[in-house]
K.L.:
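Questions regarding the structure given below will be posed in turn.
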Amino acid sequence: MSDKPDKLITDDGLRLDGRRADEIRPMKIEIGVLSRADGSCYLEWGRNKILVGVFGPREAHPRRSQRADSAVIRYRYNMASFSTEDRARPGHSRRSIEISKVSREAFEPVIMAELFPKTAIDIFVEVLQADAGTRTAAINAASIALADAGIPMKGLITSCAFGKVDGQIVLDLSKDEDNYGEADFPVAMTQDGEITLVQMDGHLTPEEIKKGMELAKKGCKEILEIQQEVLRKKFETPVEDTVEKA
Ligand code: UDP
């Protein structure tokens, strides 16, 4: 872990990576990167690198895991051993089990699971490089991979954290801000702004949470635009093609 910097925010209001309090890190998304998955996405957000593969709806195994009235949604978050500064121990951990659970729950309100009884929809997340905010980055990528797989959803899920650093509320914490800041508050929401995930590490006052939620909404709106653009590019049929086929 790097040494604690004297200041995480300069007197000019700039953060260590040059961002202002309300700015997210640059995000890049590629869709359909895995040929064996039904849907997939590779996402870079700052120095985070995340790969997501979606499989299904497919018959759920073991059979006893099936639900007669809907699909079961399974979400597995995994960190590659080389993804962190210190080697991440392979396999499940309390942290990965928790992240998998809350991320699955973040998607349950939008995935139309009732259309596919007895099946499973599997979302596999591999964190290839971690730099704070991997659960939010993974949710943004999973949302695209689910859409790529053609899973019916009421809308996309978008995720972003805010936190408190040097006493200030800032959007999308970097690694140093996560390590040395006072609080980290990941949020996920539907495109209508309905909250589907909230977690808090650290202490914040109700006023700080209110201010942070406004920042998170702004961040999620920006991310939603990036997600929609990627999907539009992939699925929009060029007008010339439609004319030719008619
Ligand atoms: N991290 C790490 N080793 C671990 C878990 C986390 O180095 O076993 C780092 C990683 O960079 C991660 C960051 O700590 O992104 C913050 O972890 P946190 O549990 O807050 O989850 P995240 O912010 O990634 O969703």
Side-chain angles (χ1 to χ4, degrees), residues 1-5 8 15-17 19 21-29 41-52 75-107 123-145 157-166 168-189 195-204 208-209 212-213 215-216 219-220 222-223 227:
M1 197 157 106
S2 54
D3 292 338
K4 183 181 186 324
L8 291 161
R15 296 152 72 181
L16 292 179
D17 54 12
R19 283 183 292 153
D22 65 347
E23 287 177 341
I24 58 170
R25 291 170 285 183
M27 185 180 285
K28 199 180 96 182
I29 301 181
C41 177
Y42 171 70
L43 179 144
E44 290 183 2
W45 192 2
R47 284 195 289 260
N48 289 306
K49 297 186 177 183
I50 315 279
L51 188 60
V52 177
Y75 191 107
R76 199 211 55 178
Y77 167 101
N78 185 55
M79 276 187 137
S81 55
F82 51 80
S83 64
T84 55
E85 224 168 298
D86 303 323
R87 178 175 177 274
R89 202 159 164 244
H92 293 304
S93 62
R94 278 176 66 121
R95 177 178 173 275
S96 71
I97 292 168
E98 172 211 309
I99 293 177
S100 299
K101 176 183 183 288
V102 296
S103 305
R104 171 175 54 75
E105 288 170 354
F107 280 99
I123 305 161
F124 292 104
V125 169
E126 296 293 333
V127 178
L128 305 178
Q129 190 168 287
D131 203 57
T134 56
R135 76 194 65 197
T136 53
I139 289 172
N140 292 322
S143 201
I144 295 291
I157 294 290
T158 299
S159 183
C160 190
F162 70 87
K164 187 173 169 186
V165 172
D166 284 356
Q168 287 192 43
I169 300 299
V170 302
L171 190 58
D172 181 27
L173 301 189
S174 66
K175 186 74 169 72
D176 280 336
E177 292 172 338
D178 186 89
N179 287 346
Y180 303 116
E182 294 98 79
D184 180 20
F185 198 110
V187 175
M189 60 184 76
I195 305 298
T196 66
L197 175 146
V198 160
Q199 294 189 283
M200 181 162 87
D201 184 13
H203 295 283
L204 292 167
E208 286 169 338
I209 293 175
M213 286 305 291
L215 280 188
C220 282
E222 288 170 20
I223 296 162
Q227 290 174 313

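Along the sequence shown, the residues carry numbers beginning at 1. These values consider heavy atoms only, across backbone and side chains, with no hydrogens, waters or symmetry-generated copies. Keep in mind the model is a prediction, meaning the values are calculated, not measured. Order of listing sets the numbers, starting from 1, for every ligand and every atom in it.
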K.L.:
A side-chain contact here means heavy atoms from C-beta on lying under 4.5 Å apart; do T84 and M79 qualify?
P.N.:
yes
K.L.:
With respect to E85, determine whether any N or O atom, backbone or side chain, lies less than 3.5 Å from an N or O atom of ligand 1.
P.N.:
no
K.L.:
For ligand 1, which atoms, with element, lie under 4.0 Å from some heavy atom of R135?
P.N.:
18 (P), 19 (O), 20 (O), 21 (O), 22 (P), 25 (O)
K.L.:
Of the protein's non-hydrogen atoms, which lies at the shortest distance from atom 2 (C) of ligand 1, and what is that distance?
P.N.:
T84 CG2, 3.4 Å
K.L.:
So, for Y75 and R104, which heavy atoms are closest and what is the spacing to 0.1 Å?
P.N.:
CB-CB, 3.7 Å
K.L.:
Which is closest to atom 16 (C) of ligand 1 in terms of heavy atoms, T134, I139, N48, D178?
P.N.:
D178
K.L.:
What is the nearest protein non-hydrogen atom to atom 4 (C) of ligand 1, stated with its residue, atom name and distance?
P.N.:
M79 SD, 4.1 Å
K.L.:
Donor-acceptor pair, S100 side chain versus Y77 backbone, under 3.5 Å?
P.N.:
yes
K.L.:
Just so I know, are the side chains of W45 and I24 near enough to count as touching, which here means a heavy-atom distance under 4.5 Å?
P.N.:
yes
K.L.:
Among protein heavy atoms, which sits nearest to atom 17 (O) of ligand 1, and what does the distance come to when rounded to 0.1 Å?
P.N.:
R95 NH2, 3.5 Å
K.L.:
Just jot down the ligand 1 atoms closer than 4.0 angstrom to any heavy atom of A130, in number order.
P.N.:
10 (C), 11 (O), 15 (O)
K.L.:
I'd like to know whether ligand 1 has A88 as a neighbour, heavy-atom separation below 4.0 Å.
P.N.:
no
K.L.:
Using side-chain heavy atoms (C-beta onward) and a distance below 4.5 Å, is T136 in contact with C160?
P.N.:
no
K.L.:
Pair E126, K49 - check salt bridge (Lys or Arg N to Asp or Glu O under 4.0 Å), show working.
P.N.:
CA-CA 9 Å; E126 296 293 333; K49 297 186 177 183; over 6 Å; no
K.L.:
Under a 4.0 Å heavy-atom limit, does K175 contact ligand 1 with its side chain, its backbone, both, or neither?
P.N.:
side chain
K.L.:
With a heavy-atom distance limit of 4.0 Å, tell me whether D131 approaches ligand 1 through its side chain, its backbone, both, or neither.
P.N.:
backbone
K.L.:
If we only count heavy atoms from C-beta on, is the R95 to R135 side-chain gap below 4.5 Å?
P.N.:
yes
K.L.:
Starting from atom 23 (O) of ligand 1, what is the nearest protein heavy atom, named by residue and atom, and what distance separates them?
P.N.:
G133 N, 2.8 Å
K.L.:
Which distance, rounded to the nearest 0.5 Å, do you find between the CZ of R25 and the CG of D17?
P.N.:
8.0 Å
K.L.:
In terms of residue, atom name and distance, what is the protein heavy atom nearest to atom 15 (O) of ligand 1?
P.N.:
A132 N, 2.8 Å
